[in-house]
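Remember, predicted model here, so these are calculated numbers, not experimental data.
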Protein chains: 4
Amino acid sequence: MTDVANGVAGHNGGVTDAPRRGRPRSAGADEAILTATLDVAREVGFRGMSMDVIAERAGVSKATIYRRWASKEALVLQALRSAINPMDEVDLGSVRADLVTYLNDLADRMASGNMTDVLPHLIEWAVHDEQLRVELDGYVAHRRQPLVAILTRGIERGEIRDDLDLDTIVDAFVGPFIYRKLLTGDAIDATLVDRLLALILPTITP
Amino acid sequence: MTDVANGVAGHNGGVTDAPRRGRPRSAGADEAILTATLDVAREVGFRGMSMDVIAERAGVSKATIYRRWASKEALVLQALRSAINPMDEVDLGSVRADLVTYLNDLADRMASGNMTDVLPHLIEWAVHDEQLRVELDGYVAHRRQPLVAILTRGIERGEIRDDLDLDTIVDAFVGPFIYRKLLTGDAIDATLVDRLLALILPTITP
Amino acid sequence: MTDVANGVAGHNGGVTDAPRRGRPRSAGADEAILTATLDVAREVGFRGMSMDVIAERAGVSKATIYRRWASKEALVLQALRSAINPMDEVDLGSVRADLVTYLNDLADRMASGNMTDVLPHLIEWAVHDEQLRVELDGYVAHRRQPLVAILTRGIERGEIRDDLDLDTIVDAFVGPFIYRKLLTGDAIDATLVDRLLALILPTITP
Amino acid sequence: MTDVANGVAGHNGGVTDAPRRGRPRSAGADEAILTATLDVAREVGFRGMSMDVIAERAGVSKATIYRRWASKEALVLQALRSAINPMDEVDLGSVRADLVTYLNDLADRMASGNMTDVLPHLIEWAVHDEQLRVELDGYVAHRRQPLVAILTRGIERGEIRDDLDLDTIVDAFVGPFIYRKLLTGDAIDATLVDRLLALILPTITP
DNA sequence: GATTAACCGAGACGGTACGTCACGTCTTTAA
DNA sequence: TTAAAGACGTGACGTACCGTCTCGGTTAATC
């Protein structure tokens with residue numbers, strides 16, 4: 001993934017390539033900016049937040065921000081990504097156990113809205129920002145991946161029928177989470193996980 | 001719900017109360033403005049749309065818009081509501097037939113942009129606009145209602161098990177639609193409907 | 001003087017021509033509007049005054065105002081004229097006595113700023129409003145007239161030299177009043193009158 | 001006089017105080033804006049002129065104008081001041097010669113529009129703008145000063161009686177100029193100067 | 001130690017949209 | 001026909017934010 005594809009201007013991603021000449025970028029600035037971005041977002045919402053305010057809050061000039069991110073959207077995206085912990089692969093030996101673990105983890109994350117409080121804004125921006133669309137797709141795929149892995153292993157082990165569309169199963173599990181989060185506002189908890197499993201597991205096991 | 005609670009300035013909502021004095025509001029203006037709003041939104045997105053452009057497109061002055069709606073957000077909300085056709089109740093005698101009909105209808109609506117192209121923006125706004133949140137909740141409930149009715153009838157007829165949580169079933173059906181629409185971008189079509197039914201129907205029938 | 005030259009739309013000037021059909025114009029409206037105009041002008045200045053406010057204050061609709069006056073300027077001018085008492089002709093037998101009387105009267109009027117508080121606004125408007133220019137010229141001529149009469153009589157009686165330009169004399173008397181009123185802000189009182197007479201009378205008497 | 005008292009936002013007045021941080025104000029912008037202001041004023045009058053047009057004409061954004069001047073009025077005042085050439089002191093050895101020179105200079109200036117075309121607007125604004133009032137008073141005093149000097153020298157030399165009020169003499173000379181300019185519209189030329197001198201000089205010389 | 005190049009903050013810049021206000025006109029119902 | 005009420009198109013207002021662009025001043029790595 002290049003910087004351009006990253007929507008990031010001149011970012012290094014932690015890789016130490018040839019040492020640059022001149023004054024190096026301020027070490028703490030990135031973090032200060034990302035933190036300020038999330039803070040401001042929490043306070044006034046993504047809609048009401050301005051680059052000037054973020055810059056001031058981070059104790060940084062606007063130019064410094066734009067030297068590191070190509071746009072407001074890119075900055076916000078980065079800020080959001082920095083707030084996400086990766087979902088761990090799960091392999092407890094049985095599909096049911098793996099699903100219980102994964103889905104409860106997902107439920108916890110969504111309920112405690114770190115990333116997800118901001119998901120609406122992300123989705124909205126992605127509509128008219130192709131770059132963000134790509135990023136968001138990557139995020140979604142990344143999120144689905146452990147679930148896909150669980151189910152694939154299940155098929156291999158014969159725990160899951162192999163005549164079903166895998167994407168549909170994933171959608172049936174994850175869809176309700178998203179739906180509740182974004183639209184109905186209903187609880188996303190262990191109860192939901194149990195009920196979903198009760199609804200879907202019987203069908204997908206041989 | 002009052003006009004104030006509606007976020008709308010001086011709107012009447014179709015109720016014919018005491019005949020107003022002075023020059024009445026231009027009859028076609030509301031419609032022209034709402035139409036222009038949706039047109040412009042479709043073309044440049046809600047993010048890129050400006051009140052000046054909407055006014056020009058509607059052949060109306062900005063002042064006229066602000067006389068009728070308190071803000072850009074209120075206008076957009078009204079425009080969206082006006083674009084929604086109510087989902088019909090379905091009762092073909094069997095739960096399976098009803099579900100097939102309802103879900104395919106939903107799939108058609110979601111695939112063909114109208115409301116849903118704008119759903120991301122709606123959701124985003126609702127985060128920081130309580131009134132819009134309420135409106136959106138109403139919309140969601142309205143959308144779920146026919147599905148709830150189908151399942152309730154099914155339980156009464158004994159076609160559906162009565163020991164399952166009804167909300168979870170609805171979520172399992174509708175969630176994947178929303179998830180695909182907003183995040184994965186996967187197709188929302190008859191195939192999805194068939195697969196979802198194959199996944200869930202076996203479990204919920206006795 | 002026609003209505004057009006008057007800057008007034010449809011005004012009657014007190015002449016009772018053919019009785020009109022339909023509802024007659026509200027009798028008190030003219031006065032109410034003019035009074036409201038002067039009131040508002042005194043409160044917020046001519047610059048800050050709006051037709052809507054005047055209409056509301058007069059208990060009258062804007063249309064009613066525009067039915068009677070062609071423009072804001074025309075209304076204001078009329079309001080100002082209505083506030084002016086005509087200057088009386090003076091003839092006490094001697095030029096000196098006449099001048100003392102006339103100039104002290106003028107000084108009183110200017111000091112107690114009825115018309116004159118508004119003179120700056122009038123002058124400013126007249127720059128780009130030919131109609132108002134004409135009106136204002138008429139007002140100025142009307143104001144000068146008694147002074148011209150005094151001096152003319154003086155010449156006829158031999159009290160005033162006949163080899164001087166009459167306009168210049170008038171200007172030398174009136175100019176300082178205007179100058180002080182509009183620019184220096186110095187007192188306009190009996191002392192000024194005395195000093196001006198002391199300055200100019202010796203020269204213009206044979 | 002501070003910037004605030006000046007009605008000007010952040011203006012420096014040529015004083016080189018502590019070196020400012022950040023990007024300095026565009027060097028030519030002030031002049032471009034002032035020039036554009038005067039140009040537009042000449043074309044459409046101060047009444048018909050808009051900030052947008054001035055900004056466009058100056059090749060500058062509206063924000064830049066408002067960064068430098070607090071209001072339209074403040075801008076116009078500055079523009080006017082920038083258009084005024086100071087009146088020179090005159091000392092040709094005799095009061096008569098000095099007066100002829102000064103008054104003809106004044107007549108020329110008043111006849112040829114520059115400042116005086118705008119004097120009505122200035123006066124009008126000063127009614128409701130205390131700052132402008134102060135500025136205008138300064139301008140007036142500045143304008144009177146050479147005339148006062150001429151007369152004072154005349155008194156010292158014994159060319160002018162010392163028992164007359166000096167201000168009244170000045171008013172008698174200058175008043176007619178203002179009166180003609182603002183109200184009567186009569187010519188302001190050498191003839192007027194000659195006649196005024198003929199009217200007043202005999203009295204004020206011993 | 002001097003040079004040099006990229007960085008830094010501050011903040012001005014041209015644009016563009018915002019929501020408000022006043023003008024003078026127009027369109028209702030009521031008198 | 002005129003009245004009050006008030007909506008209408010027009011167009012300017014002054015503000016906010018965008019992303020870019022100077023400034024004078026650091027801060028390293030190179031010479």
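Under the 4.5 Å side-chain criterion, counting only non-hydrogen atoms from C-beta, A:L34 is in contact with A:L75. Side chains of C:W69 and C:V76 form no contact here, defined as non-hydrogen atoms less than 4.5 Å apart.
Using a 4.0 Å cut-off, no side-chain N or O of B:R23 falls inside it from OP1 or OP2 of F:dA7. A sub-4.0 Å separation between OP1 or OP2 of F:dC8 and a side-chain N or O of B:T64 is present. For D:R21 and F:dG25, the shortest distance from a side-chain N or O to OP1 or OP2 is not below 4.0 Å. Remark: C:R67 is not in phosphate contact with F:dT2, judged by side-chain N or O atoms under 4.0 Å from OP1 or OP2. Considering only side-chain N and O atoms, C:R68 lies under 4.0 angstrom from the phosphate OP1 or OP2 of F:dA3.
In terms of position on DNA chain E, the residue among A:A27 and D:S61 whose nearest nucleotide sits closer to the 5' end is A:A27. With DNA chain F read from its 5' end, the first of the two nearest nucleotides for D:D52 and C:K62 is the one closest to C:K62. Place C:M49 and D:I65 on DNA chain E by their nearest nucleotides, and D:I65 ends up nearer the 5' end.
D:R25 places its CZ atom 5 Å from the P atom of E:dA12, with the value rounded to the nearest Å. To the nearest angstrom, P of E:dA12 lies 12 Å from CG of D:D30. Rounded to an integer number of Å, the gap from C:E56 CD to F:dG6 C1' is 12 Å. Here the C1' atom of nucleotide F:dG19 and the CG atom of A:L75 are 13 Å apart, to the nearest Å. Rounded to an integer number of Å, the gap from CD1 of A:I54 to P of F:dA16 is 17 Å. Spacing between atom OH of A:Y66 and atom P of F:dC17 amounts to 12 Å, rounded to whole angstrom units. One atom, CE of C:M51, and another, P of F:dC8, lie 21 Å apart when rounded to the nearest Å. When rounded to the nearest whole Å, the span between CH2 of D:W69 and P of E:dA12 equals 14 Å.
A donor-acceptor contact shorter than 3.5 Å links the side chain of D:K72 to the backbone of D:M49.
With F:dA7, F:dG9, F:dT20 as the choices, the nucleotide that has an atom nearest any side-chain atom of B:V60 turns out to be F:dG9.
Nucleic acid contact class of B:K72 (heavy atoms, under 4.0 Å, all strands): sugar-phosphate only. At the heavy-atom level, C:A63 lies under 4.0 Å from base atoms of the strands shown.
Salt bridge status for D:K62 with D:D52: present, with a side-chain N to carboxylate O gap under 4.0 Å. By the 4.0 Å N-to-carboxylate-O rule, A:R57 lies close enough to A:E43 to be salt-bridged with it.
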